[in-house]
Trainee: 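Here it is: the structure, laid out below.
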Amino acid sequence: MTERLRFAPSPTGPLHIGGLRTALYNYLYAKKHQGQVVLRIEDTDQTRYVAGAEDYIFNALEWMEIPPDESPKHGGNYGPYRQSERKEVYHEHIKHLVASGKAYYAFDTPDELEVLRAAATAKGEVFTYNAAVRERLKNSLNCTEEETQQYLDSGNYVVRLKVSPNTMVTVKDLLRGTITINSSTLDDKVLMKADGLPTYHFANVVDDHLMAITTVIRGEEWLPSLALHQLLYDAFGWESPKFIHLPLILKSEGKGKLSKRDGIQGGYPVFPLDWDEMKGFKENGFFPEVLRNFLLLIGWNGGTEQEIYTLEEMIAAFDVSGLQKGGGRFDYKKALWMNAQYLQQLPLQSLRTAGAVYLKALEGRYSEEALLQIVALAQPRITFIQELTAATYCFHSGPTEYDEKPLRKIKDRLPTSFFDWCEAHLPNTDVANLKAALQTWCEAEGCGFGVVMQGLRLALVGSLTGPDVMAIIALVGTEELLKRIRTLKEVINN
Ligand code: GLU
C-alpha cells in the first residue's frame, strides 16, 4: 500500500519550528516510502483564524524545499484540502453517525452547561458530559422526536459522540507502544459545533480516512486525543492509520516548550520566515538546507556520528527507530555551527553567486577571478552569507576607524622610518617581492617583522583581524596599500 502522510496545520499564526519539524518528518517518511504528503489546512475554528497564516505555511514549506504533493494550492484527487470547504462532507458523516446511534444531538445551552460546571466545581468535582449524566440532560436521547425536531429547526444544537462507559480502548503509537485507557475517563466530545462546523477531532478523523492517510505524524500534544480518535474510527467501522506522536522541542535551557518569547529574549529566530517584528531563520541568513538539517536532529538521530545530511541522505536514513521519545533541545549555537559548516563547504562559485548582492560594491573594480579569490578569503571567516559585505570590506575601502589597542602599540613600536620606506619603495615593489623586501628592511633597522606586519594589517583593515595580509595586498595592490599607510600615519600623528 502506498504510504500517504499529511501535515495538517491550523492557520492560527506563523508556523513555529516545531510545526515545521513535523512537516519535515512527514515529508521524509513519505519520500522514504515512495509515498505522498498531503497539506491540509484545518481552518474550522474561525475564532482563531489569522489572515496571512495560510500563505505563510505555503511559503515556509516552499522555502524549505519540502513541498506537499497535494494541497489547496497543488490540487489532488482527495480535495478540497481546506476544511472550511468540506462542510458538506462533515454533515453527511455526522448524520450517518447519529443514524447509527453512535452520536446524538445535544441541546443544552452554553448557560445551562455553565450552571452544571459551576455546581460541580462547588463540590470540588469536574463536570463531564458522559454516560453517567447524559440521560438527565437535554439531548436527542431523552427528548421526543418532536422536541428534537424543534431544536434542530432552531439551529441551536451540537452533536456529541456517544461514548460507551467502562470499555477498554486500545491505541497504538509506533514510538510509544500500546496504550489502553478506560472509556469512562472520556467525555461525550462535541463533534459538530453550534455554528455548524466540525470540531478538530471529528474533521481530522473524517479527513484522514477520506484522504486515505496511512500514517499520522504529529505533535505529542495530540496523544491524549488518540483514544477519542480511535473511538471515532471504530464508530465508523474504519481502520485507523498508524500514529507517531513527536516529542516537544524544548527551550535551550531549563524546562518547557520553546516559545516565541524565548526567541525574543534570546535574540534568535523560532519561525522559519519573518512574522511581524520577529525575524525568521531565512531572513537571519540560514540556508534552507541547514534548517532542515537542524530540525532533523532535534528529536531524531541516525545512530551514527553523521551530523550533516543532504536531503537525499535524510530521506534514506530517516526511520522511526531513530526518533526519540523525550523532548529535543533547541540549541541555537548548533544551528549557527551548521550554517557555517554548510557555508564553508559551498563551492566558491556557488557562494559568489548566492552572495552576489553582498559583493556588489566590489564588482567592476575586480576581475571575476579576483572576486573569487576575495570570496575564498572571506569564506572561512563567516557564518552567514550576508556577512560577506563586512568580511570583504577591506577590499572595498580602507578603515574608517582603528582599534585603539593595536593603534597605540604601532604608535610606540613602529619607527617613522617605516613610513619613509613605504613612500620610497611601495610604488615600485612587486607584491611577490614585498615580504622579502620588508624582512631585509626590518633586519637593517632592528625592527620586529611582526610589528611591521601588524602595522600593515592595521593600515589595511583597521584591526588585527581579517585575511592574510599579503593576500589582501596582492588583491588591492601596492598603490592602494600606500594610500592606506598614509592615512594610518596621519591618524598616528594626530
Ligand atoms: N490542526 C492541528 C494542529 O494544527 C493538527 C493536529 C494533527 O496533525 O492531527 O495542531
Side-chain angles (χ1 to χ4, degrees), residues 3-30 35-50 52-58 60-61 66 68 70-72 78 80-87 89-90 171-176 179 189-191 193 197-233 238 240-249 257-260 270-272 275 295 299 320 323:
E3 281 279 6
R4 285 178 54 84
L5 285 94
R6 87 315 189 257
F7 177 51
S10 303
T12 53
L15 193 55
H16 181 272
I17 58 156
L20 195 60
R21 184 189 60 170
T22 302
L24 173 68
Y25 287 6
N26 271 289
Y27 180 89
L28 296 177
Y29 191 99
Q36 294 119 27
V37 199
V38 171
L39 170 64
R40 182 173 70 228
I41 299 295
E42 300 208 325
D43 57 350
T44 58
D45 189 348
Q46 294 182 327
T47 57
R48 295 180 63 219
Y49 184 83
V50 172
E54 186 180 315
D55 278 341
Y56 185 97
I57 292 164
F58 280 115
L61 297 183
I66 50 170
E70 299 165 29
S71 80
Y78 296 81
Y81 295 95
R82 230 179 248 117
Q83 288 186 328
S84 57
E85 294 165 17
R86 299 174 63 78
K87 284 182 205 158
V89 175
Y90 306 127
V171 295
K172 201 173 151 197
D173 177 277
L174 295 191
L175 190 55
R176 299 153 203 275
I179 307 162
K189 266 278 180 285
V190 172
L191 305 178
K193 296 175 284 181
L197 286 168
T199 54
Y200 153 74
H201 304 289
F202 185 67
N204 191 268
V205 165
V206 168
D207 288 347
D208 281 348
H209 176 76
L210 295 182
M211 294 180 182
I213 300 304
T214 54
T215 306
V216 168
I217 303 181
R218 62 184 173 193
E220 71 176 10
E221 66 273 28
W222 300 109
L223 190 60
S225 305
L226 188 52
L228 167 69
H229 294 180
Q230 189 57 51
L231 287 180
L232 276 167
Y233 283 105
W238 293 338
S240 57
K242 290 171 277 176
F243 289 99
I244 300 172
H245 289 86
L246 300 173
L248 293 176
I249 296 187
K257 183 178 158 183
L258 176 74
S259 68
K260 174 176 166 184
V270 294
F271 300 138
W275 180 264
L295 291 179
V320 180
L323 289 172

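Nothing here was measured: the structure is a model prediction, and the numbers come from that model. Both ligands and their constituent atoms are indexed starting at 1 by order of listing.
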Trainee: To the nearest 0.5 Å, how far apart are OG in Ser240 and NZ in Lys172?
Mentor: 10.0 Å
Trainee: Answer with side chain, backbone, both or neither: which part of Asn204 has a heavy atom less than 4.0 angstrom from an atom of ligand 1?
Mentor: side chain
Trainee: Could you tell me the separation between the OH atom of Tyr25 and the CG atom of Leu20, rounded to the nearest 0.5 Å?
Mentor: 11.0 Å
Trainee: Counting each atom of ligand 1 from 1 as listed, which ones have a heavy atom of Ser10 under 4.0 Å away?
Mentor: 1 (N), 2 (C), 3 (C), 4 (O)
Trainee: Please state which part of Pro9 comes within less than 4.0 Å of ligand 1, counting heavy atoms only: side chain, backbone, both or neither.
Mentor: backbone
Trainee: Once you round to the nearest 0.5 Å, how far does CD of Glu3 lie from CD1 of Ile213?
Mentor: 10.0 Å
Trainee: I'd like the name of whichever of Ala203, Gly219, Ser225, Ala8 reaches closest to atom 3 (C) of ligand 1 through any heavy atom.
Mentor: Ala8
Trainee: Give me the ring orientation class for His201 and Trp222: parallel if the planes are under 30° apart, tilted from 30 to 60°, perpendicular past 60°.
Mentor: perpendicular
Trainee: Can you list the atoms of ligand 1 that are under 4.0 Å from a heavy atom of Glu42?
Mentor: 1 (N), 2 (C), 5 (C)
Trainee: Please check whether Trp222 reaches ligand 1 - meaning an N/O of the residue sits under 3.5 Å from an N/O of the ligand, judged on distance alone.
Mentor: yes
Trainee: Donor-acceptor check, side chain of Thr199 to backbone of Val190, threshold 3.5 angstrom: yes or no?
Mentor: yes
Trainee: Please state which protein non-hydrogen atom is closest to atom 8 (O) of ligand 1 and give its distance, to 0.1 Å?
Mentor: Arg6 NH1, 2.8 Å
Trainee: What atoms of ligand 1 come within less than 4.0 Å of a heavy atom belonging to Tyr200?
Mentor: 2 (C), 5 (C), 6 (C), 7 (C), 9 (O)
Trainee: Between atom CG of Leu223 and atom CD1 of Ile244, what is the distance when rounded to the nearest 0.5 Å?
Mentor: 12.5 Å
Trainee: Would Phe7 count as a contact of ligand 1 if the rule is a heavy atom under 4.0 Å away?
Mentor: no
Trainee: When you measure from the centre of the six-membered ring of Tyr78, is the NZ or CZ of Arg4 closer than 6.0 Å and no more than 45° off the axis?
Mentor: yes
